Amino acid sequence: MRYRELGRSGLRVSEIGYGAWGIGASSWVGATEDESVRALNRAVDLGVNFIDTARGYGESERIVGRVVRERAGDDILVATKVPPKNRTWPAPDGVDPDDAFPGDHIRTSLETSLGASGLDHFDVLQFHVWNDEWIGRGNWLKTVDALKQEGKIRLFGVSVNDHQPGTALALVRSGVVDSVQVIYNVFDQSPADALLPACEKHGVGVIVRVALDEGGLTGRITAGTTFPEGDWRNRYFRDDRPAQVEQRVAAIVADLGIAPDEIAENALRFVLSSPAVSTVIPGMRSVRNVERNTALSDGRTLTAGQLATLAGHRWQRDFYA
């Protein structure tokens with residue numbers, strides 16, 4: 001496993017981290033705790049030292065905390081998230097920061113997360129949405145600073161609104177945030193326009209989520225793909241989107257001259273090609289997925305031609321509307 005600096009924080013994180021949304025069994029159907037625990041332990045065995053969870057991920061914090069406590073000597077870094085008090089995703093303009101992240105709500109959410117996980121602190125506490133209008137307003141920053149002083153958190157970050165990387169640019173430039181978590185993949189390359197360069201300039205760590213487009217960039221989504229009732233992917237891959245994904249993935253495979261089962265590896269290498277990226281956190285609900293994803297942390301990089309080819313498969317953002 002290779003490691004990268006998480007911005008200016010002084011922490012070194014595995015370039016392949018662990019996205020723990022899927023193991024919480026709240027939105028993804030099919031996870032079992034036994035398999036999730038095996039997958040988490042295998043990830044740590046293979047050098048993963050960064051796990052991302054959230055208060056809103058069902059049983060995820062509890063499961064993550066169980067594994068981290070059992071492996072206390074492995075120095076595993078854990079990030080969690082505070083949901084907005086108003087329960088509004090994404091964060092629209094015109095919302096008062098004290099309606100979304102008042103200090104007492106931040107503290108209560110963190111205490112609940114600590115209780116659920118059994119941990120005594122989190123390495124990164126992230127707001128689960130963000131809007132740059134909140135800079136200099138409300139008492140959220142005062143609370144974050146107090147929690148750092150109390151040793152309950154080490155770093156502060158935000159999870160940037162889906163497909164809206166411009167909504168955190170001012171925060172990155174302000175110097176008060178340690179990390180941002182953002183959607184960045186072959187289809188949605190918009191963070192590379194301004195957010196990633198700003199993070200690199202200002203020493204802000206970048207945690208990349210949805211690097212495989214929720215499975216779209218694995219080659220397993222086809223026109224006939226269906227998901228279990230209650231699985232949130234029924235909404236994400238709605239209407240004719242599976243057929244569109246299948247066609248676009250086939251075009252990438254053809255242009256790169258690779259086998260269909262190599263698309264995920266190339267998609268992850270594309271994300272890791274950015275020097276601004278600290279870690280990528282694919283969801284890994286099985287040992288097989290852990291072994292497949294961690295294996296690519298081998299120092300090999302895509303060629304300039306491969307990067308240019310993948311850059312040409314950028315998808316317009318209105319696809320996600």
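A quick note: this is a predicted structure, and the numbers were derived from the prediction, not measured.
Within the 4.5 Å cutoff, the side chain of L155 has heavy atoms near those of the L6 side chain. Contact annotation: the side chain of V253 never approaches that of E262 to less than 4.5 Å [non-hydrogen atoms, C-beta and beyond]. Counting only heavy atoms from C-beta outward, the side chains of I221 and V249 never approach each other to under 4.5 Å. Between Y18 and I23 there is a side-chain heavy-atom pair separated by less than 4.5 Å. Taking 4.5 Å as the limit, every side-chain heavy atom of L302 sits out of range of all side-chain heavy atoms of S273. Contact check for Y184 versus Q189: side-chain heavy atoms found under the 4.5 Å cut-off. By the 4.5 Å heavy-atom criterion applied to side chains, H121 and R154 are counted as neighbours. A 4.5 Å side-chain heavy-atom check between V180 and C199 finds at least one atom pair inside the cut-off.
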task: Check the pair V144, I153 against side chain to side chain contact (heavy atoms under 4.5 Å, CB included), reporting the backbone distance first and the verdict last.
output: CA-CA 8 Å; V144 165; I153 65 173; 4.2 Å; yes

- request: Walk me through it: do V277 and R4 pass the test side chain to side chain contact (heavy atoms under 4.5 Å, CB included)?
  value: CA-CA 8 Å; V277 171; R4 301 184 178 198; 4.1 Å; yes

Worked verdict on N185 versus D188 for side chain to side chain contact (heavy atoms under 4.5 Å, CB included): CA-CA 5 Å; N185 57 49; D188 187 353; 3.8 Å; yes

field: Verdict with reasoning, D93 to N131, per side chain to side chain donor-acceptor pair (under 3.5 Å)
entry: CA-CA 7 Å; D93 292 341; N131 190 302; 3.0 Å; yes

- prompt: side chain to side chain donor-acceptor pair (under 3.5 Å) between S109 and T112: does it pass, once the steps are laid out?
  reply: CA-CA 5 Å; S109 179; T112 303; over 6 Å; no

- request: Take V176 and W140 through the test side chain to side chain contact (heavy atoms under 4.5 Å, CB included) and record every step on the way to the result.
  value: CA-CA 11 Å; V176 303; W140 59 270; 4.2 Å; yes

- request: Take R55 and S113 through the side chain to side chain donor-acceptor pair (under 3.5 Å) test and state the conclusion after the steps.
  value: CA-CA 6 Å; R55 181 86 293 273; S113 294; 3.2 Å; yes

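In this structure a side-chain-to-backbone donor-acceptor pair under 3.5 Å is missing from W21 to S60. Between the side chain of H163 and the backbone N or O of S190 there is no donor-acceptor pair closer than 3.5 Å. Under a 3.5 Å cut-off, the side chain of N266 and the backbone N or O of I263 do not form any donor-acceptor pair. Put simply, the side chain of Q306 gets close to the backbone of T303: a donor and an acceptor are under 3.5 Å apart. In this structure a side-chain-to-backbone donor-acceptor pair under 3.5 Å is present from N234 to P228. One N or O on the side chain of T279 and one on the backbone of G17 form a donor-acceptor pair closer than 3.5 Å. Between the side chain of R71 and the main chain of N41, a donor-acceptor pair closer than 3.5 Å is present. Of the possible donor and acceptor atoms, none in the side chain of R173 sits under 3.5 Å from a partner among the backbone N and O of H202. Checking side-chain atoms of R12 against main-chain N and O of Y3 turns up a donor-acceptor pair under 3.5 Å. At distances below 3.5 Å, not a single donor-acceptor pair connects side-chain atoms of E15 with backbone N or O atoms of R2.
Atom CD of E150 has more than 12 neighbouring heavy atoms from other residues, nucleotides or ligands inside a 6.0 Å radius.
Using a 4.0 Å cut-off between charged side-chain N and carboxylate O, R233 and E214 make no salt bridge. R241 and D213 are joined by a salt bridge, as a carboxylate oxygen and a charged side-chain nitrogen come within less than 4.0 angstrom of each other. Taking 4.0 Å as the cut-off between side-chain N and carboxylate O, K85 and D98 do not count as a salt-bridged pair. Salt bridge absent: E265 and R292 never bring a charged side-chain N and a carboxylate O closer than 4.0 Å. We find that D298 and R269 are joined by a salt bridge, their nearest charged nitrogen and carboxylate oxygen being less than 4.0 Å apart. For E33 and R62, the salt-bridge test passes: some basic side-chain N is under 4.0 Å from an acidic carboxylate O.
The aromatic rings of F127 and F101 lie parallel to each other, with less than 30° between the two planes, well short of the 60° mark.
Using modelled atom types, one finds a donor on one side chain and an acceptor on the other under 3.5 Å when comparing T222 with T225. A donor-acceptor contact under 3.5 angstrom links the side chains of R209 and S159, judged on distance only.
At a threshold of 4.5 Å between side-chain heavy atoms, the hydrophobic network of Ile, Leu, Val, Met, Phe, Trp and Tyr places F50 and M1 in two separate groups. The cluster map of Ile, Leu, Val, Met, Phe, Trp and Tyr, joined by side-chain heavy atoms under 4.5 Å apart, puts L268 and I252 in the same cluster.
Residues H128 and Y57 place their aromatic rings such that the two centres sit under 6.0 Å apart.
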